[in-house]
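Each remark here refers to the structure printed beneath this line.
The figures here come from the full heavy-atom set of this structure, side chains too, leaving out hydrogens, waters and symmetry mates. None of the values given here were measured: they were computed from a predicted structure.
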Amino acid sequence: MLGPVILAASRSDKMRRFVSAAPGTKQVVDRFIAGETVDQVVPIVEDAIGKGLEVTLDVVGEDITTVEQSYAARDAYLGLIDRLKDLGHGEKAEMSVKLSMFGQSLPSPATTLNGEPSGPAGQFPTGHELALANVRPVVEAAAAIGTTVTLDAEDHTTLDSMFAIHEELRKDFPQTGCVIQSYLFRTEDDARRLAAAGSRVRVVKGAYKEPASVAYQDKAEIDKAYVRILKILMDGKGYPMIGSHDPRLIAITQELARRAGRKLDEYEFQMLYGIRSEEHLRLAAEGHRMRVYTAYGTDWYGYFMRRLAEKPANLLFFGRSILTKG
């Protein structure tokens with residue numbers, strides 16, 4: 001299977017340099033990445049909303065190594081919120097964040113480039129606390145302009161921290177969402193816990209290389225788990241967000257929503273920018289809430305490689321682009 005190989009390459013500096021230098025890379029990256037700056041992504045947001053779609057914006061980047069980088073990530077989102085405030089679209093344009101960008105996985109105690117403790121002594125003794133301190137003002141600023149933030153799920157070692165930060169943020173900002181991944185054994189229990197009134201939960205299949213000790217490895221088993229999780233969320237009292245491009249899972253979602261007596265505005269579909277764009281419009285035309293996950297920024301490599309790993313057709317498209325560009 002190529003997927004695990006590509007996911008392993010997503011953390012390789014050598015592969016990063018090779019892919020970045022490949023002559024056909026920009027053509028494919030532009031398919032999945034909406035731009036490098038806020039100025040470039042704003043027209044895309046306006047166009048999507050004008051077509052009846054909604055968006056969630058992701059400033060790409062992860063695996064940071066310094067506290068300064070975590071502050072830069074926080075400030076990038078605060079700058080994005082300033083622009084969204086000017087647009088006035090409210091919850092039609094929300095944000096998704098990866099806590100690894102905010103310092104979640106930095107060593108304890110968090111240190112700067114020169115190895116000295118960051119900030120006042122003892123302020124951020126762990127990466128977890130640094131991430132919470134960085135993401136809170138982003139969530140607060142989002143709430144102030146009528147929108148919200150969803151915490152993306154990353155590899156399984158980060159999830160206890162992510163869920164703890166999610167729980168803490170929801171005390172003041174109950175609209176804060178989170179993501180769960182169907183390929184992990186733990187996720188059905190997480191779904192039961194999260195399927196409560198007021199919760200917002202995006203369910204995805206999962207896009208990280210995980211060991212067989214914690215995750216299903218077979219696609220059919222991952223799909224079966226996805227359906228079980230969907231049923232838990234649809235039968236619960238929260239707001240399910242279905243992150244999938246799979247036509248079969250979309251049809252199953254609609255049937256489960258019907259059986260649960262849910263109205264069209266009591267759940268939503270989410271799909272990636274650049275993938276199945278016509279389906280985005282079809283679902284919106286049927287009256288569904290359809291949100292486009294729109295990534296932008298310069299640190300696109302990890303995000304890009306996971307998009308290749310998710311679907312063989314994406315990899316073939318990339319390969320053809322490299323071969324046909326000189």
Spacing of D58 atom CG and Y273 atom OH [to the nearest 0.5 Å]: 14.0 Å

Only one of I242, L249, L283, L264 forms a side-chain contact (heavy atoms from CB on, under 4.5 Å) with Q254, so which one is it? L283

Output all residues satisfying side-chain contact (heavy atoms from CB on, under 4.5 Å) with Q40, sequence neighbours left out; order by chain, then residue number. E36, T37

Hydrophobic clusters here meaning ILVMFWY residues chained together by side-chain heavy-atom distances under 4.5 Å, can you tell me if I232 and F269 are in one? no

Hey, what do you get for OG (S199) to CZ (R170), rounding to the nearest 0.5 Å? 5.5 Å

Step by step, would you call K263 with E266 a salt bridge (Lys or Arg N to Asp or Glu O under 4.0 Å)? CA-CA 5 Å; K263 299 175 183 177; E266 293 178 337; 5.2 Å; no

Taking D189 first and then R193, would you say they form a salt bridge - that is, a charged N and a carboxylate O separated by under 4.0 Å? no

Indicate, with yes or no, if I81 and V139 share a hydrophobic cluster defined by side-chain heavy-atom contacts under 4.5 Å among Ile, Leu, Val, Met, Phe, Trp and Tyr. yes

Thinking salt bridges, do E255 and R259 make one under a 4.0 Å N-O criterion? yes

Any S161 side-chain heavy atom under 4.5 Å of T158 side chain: no

Do T56 and S96 have side-chain N/O donor and acceptor atoms under 3.5 Å apart? yes

Atom CD of E167: over 12 foreign heavy atoms under 6.0 Å: no

Sidechain-backbone polar pair: H128 side chain, I165 backbone, donor-acceptor under 3.5 Å: no

Give a yes or no on whether the backbone of V179 and the side-chain of Q181 come within a donor-acceptor separation of less than 3.5 Å. no

Is any side-chain heavy atom of F32 closer than 4.5 Å to a side-chain heavy atom of L272? no

Is T148 reaching over with its side chain to a backbone N or O of Q175, donor-acceptor style, under 3.5 angstrom? yes

Checking R228 now: which residues fulfil side chain to side chain donor-acceptor pair (under 3.5 Å) with it, not counting sequence neighbours? E188, Y216

Tell me, please, which residues at least two apart from T147 pass side-chain contact (heavy atoms from CB on, under 4.5 Å). E94, M95, A142, I145

Tell me which pairs pass salt bridge (Lys or Arg N to Asp or Glu O under 4.0 Å) where either residue lies in residues 242-253, with sequence neighbours left out. K205-D246

Do T176 and K171 come within less than 4.5 Å of each other through their side chains, counting heavy atoms only? no

Give me the atom names and distance for the closest heavy-atom approach of L159 to A153. CD2-CB, 4.0 Å

L184 and V204: same hydrophobic cluster, using ILVMFWY side-chain contacts below 4.5 Å? no

With the side chain counted from C-beta on, respond yes when M290 and E268 share a heavy-atom pair under 4.5 Å apart, and no when they do not. no

Does any part of the side chain of V67, heavy atoms only, come nearer than 4.5 Å to the side chain of Y71, both counted from C-beta? yes

Could you go through E210 and D155, starting from their C-alpha distance and side-chain angles, then the distance that decides it, and tell me whether this counts as side chain to side chain contact (heavy atoms under 4.5 Å, CB included)? CA-CA 7 Å; E210 298 286 14; D155 74 79; 3.6 Å; yes

Hey, could you give me each pair passing ring-ring contact (aromatic ring centres under 6.0 Å, His included) that has a residue in residues 152-171? Not counting sequence neighbours. none

Between atom NZ of K98 and atom OG of S105, what is the distance when rounded to the nearest 0.5 Å? 13.0 Å

Checking side-chain contact (heavy atoms from CB on, under 4.5 Å) against E154, which of M101, M162, Q104 comes through? Q104

Mark yes or no for whether S182, through its side chain, and I222, through its backbone, hold a donor-acceptor pair below 3.5 Å. yes

Please confirm whether the backbone N or O of A164 pairs with a side-chain atom of E168, one donor and one acceptor, at under 3.5 Å? no

Dump the intermediate steps for side chain to side chain contact (heavy atoms under 4.5 Å, CB included) on V135 and R74, then the final yes or no. CA-CA 7 Å; V135 78; R74 174 201 62 198; over 6 Å; no

D235: side chain to side chain donor-acceptor pair (under 3.5 Å) partners, not counting sequence neighbours: K231

Would you mind listing every ring-ring contact (aromatic ring centres under 6.0 Å, His included) that reaches into residues 72-97, with sequence neighbours excluded? Y77-F102

Using a 3.5 Å distance criterion without hydrogens, assess whether the side chain of Y267 forms a donor-acceptor pair with backbone atoms of H288. no

Taking side-chain contact (heavy atoms from CB on, under 4.5 Å) as the test, write out the residues that go with E278, two or more places apart. L281

Suppose we screen for side chain to side chain donor-acceptor pair (under 3.5 Å). Which residues come up paired with Y296, at least two apart in sequence or across chains? none

All heavy atoms of Y226 vs all of S244, minimum pair found to be OH-CB, 3.6 Å

Do F173 and R136 pass the side chain to side chain contact (heavy atoms under 4.5 Å, CB included) test, and can you show the C-alpha distance, the side-chain angles, and the key distance before you say yes or no? CA-CA 9 Å; F173 309 99; R136 182 180 288 278; 4.2 Å; yes

If you take all heavy atoms of S70 and G103, which pair is closest and at what distance? CB-N, 3.8 Å

Could you tell me whether the side chain of L151 reaches within less than 4.5 Å of the side chain of V97, counting heavy atoms only? yes

Nearest heavy-atom neighbours spanning A48 and V55: CB-CG1, 3.8 Å

D160: which residues meet the salt bridge (charged side-chain N to carboxylate O under 4.0 Å, His left out) condition with it, sequence neighbours left out? R186

Taking every non-hydrogen atom, the tightest pair across A93 and V45: CB-CG1, 4.4 Å

Out of curiosity, L132 CG to L169 CG, how far, rounded to the nearest 0.5 Å? 6.0 Å

Which atoms form the tightest heavy-atom contact between V60 and A295, and what is the distance? CG1-CB, 3.4 Å

Looking at T187, D190, V201, which hits side-chain contact (heavy atoms from CB on, under 4.5 Å) with I229? T187

Can you name the residues that form a side-chain contact (heavy atoms from CB on, under 4.5 Å) with R83, not counting sequence neighbours? V38, D39, V42, D86

Can you tell if the side chain of I49 reaches within under 4.5 Å of the side chain of E54, non-hydrogen atoms only? no

Are any of the side-chain nitrogens in E91 or R289 under 4.0 Å away from the carboxylate oxygens of its partner? yes

Rounded at 0.5 Å granularity, tell me how far CE in M271 sits from CG in L53. 10.5 Å

With sequence neighbours excluded, residues passing side chain to side chain donor-acceptor pair (under 3.5 Å) with E279: R282

Please examine the side chains of D75 and L78, heavy atoms only from C-beta on, and report whether any two atoms are closer than 4.5 Å. yes

Between R276 (side chain only) and H245 (backbone N and O only), is there a donor and an acceptor less than 3.5 Å apart? yes

So does M234 get a backbone contact from the side chain of R262, meaning a donor-acceptor N/O pair under 3.5 Å? yes

